[in-house]
Amino acid sequence: MTKGKKILAVTLMSAMLISTVAFADEVASPQQSSSNTTLQTAPNKVDPIQRLESIKAKVTQKYNEGKISKNKYDSIIAKINNMEQQINDFNEGLKEVSHPL
């Protein structure tokens, strides 16, 4: 993987993490650990595009409820659409690398 692609991947993941934190309505409670359990399960892996679509739905709901302004809504949706496009471009680049002509 080229340096540019690594930087893009890290940037996308950071942006997704920041946006997820920014739109969280509730604070997740920490998992309770039992004294006889030593193994921890891995977090569920979610497709980044599906995650962004979920965030879009939440933002749309907040806009429809009047909790955010039209300008804020448009700005957030534009950022999400941009992130989705970057992910799609990145995935296309990976396909080209793995399947050269």
Side-chain angles (χ1 to χ4, degrees):
M1 186 180 279
T2 66
K3 185 176 181 179
K5 288 183 181 180
K6 287 181 183 178
I7 291 171
L8 178 61
V10 169
T11 303
L12 288 173
M13 292 303 151
S14 299
M16 288 177 50
L17 177 62
I18 290 169
S19 65
T20 321
V21 172
F23 299 116
D25 285 335
E26 300 174 357
V27 177
S29 60
Q31 287 183 331
Q32 296 178 349
S33 60
S34 63
S35 59
N36 59 0
T37 305
T38 57
L39 297 176
Q40 294 182 357
T41 59
N44 294 336
K45 293 184 180 183
V46 178
D47 178 46
I49 298 292
Q50 289 176 347
R51 181 67 180 143
L52 289 171
E53 289 297 323
S54 171
I55 293 170
K56 258 194 218 183
K58 289 178 184 177
V59 170
T60 301
Q61 180 181 3
K62 287 182 182 283
Y63 172 71
N64 291 338
E65 293 171 353
K67 293 182 178 180
I68 61 173
S69 69
K70 173 79 169 140
N71 288 338
K72 183 76 171 174
Y73 171 78
D74 290 340
S75 172
I76 294 168
I77 295 300
K79 288 177 186 178
I80 292 172
N81 289 338
N82 184 32
M83 283 188 269
E84 287 177 336
Q85 185 60 48
Q86 288 178 354
I87 292 169
N88 288 329
D89 292 346
F90 180 77
N91 288 337
E92 286 300 316
L94 287 178
K95 287 178 186 176
E96 291 174 8
V97 171
S98 63
H99 298 293
L101 295 174

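For the atom pair I68 CD1 and T60 OG1, the distance stands at 8.0 Å (nearest 0.5 Å). Considering NZ of K79 and CG of L52, their distance stands at 13.5 Å, rounded to 0.5 Å. Taken from NZ in K58 to CD in Q61, the straight-line distance is 9.5 Å, to the nearest 0.5 Å. In this structure, N91 CG and E96 CD are separated by 11.5 Å, a value rounded to the nearest 0.5 Å. Expressed to the nearest 0.5 Å, how far CZ of R51 lies from CD1 of I87 amounts to 12.0 Å.
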What's the verdict on side-chain contact (heavy atoms from CB on, under 4.5 Å) for K72 and S75, showing C-alpha distance, side-chain angles and the deciding distance?
CA-CA 5 Å; K72 183 76 171 174; S75 172; 5.5 Å; no
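Within a 6.0 Å radius of NZ in K56, more than 12 heavy atoms belonging to other residues, nucleotides or ligands are found.
Counting only residues at least two apart or in different chains, ring pair (Phe, Tyr, Trp, His ring centres under 6.0 Å) contacts with residues 52-72 comprise Y63-Y73.
Test D89, N81, N88, N82 against Q85 for side chain to side chain donor-acceptor pair (under 3.5 Å) and you get one pass: D89.
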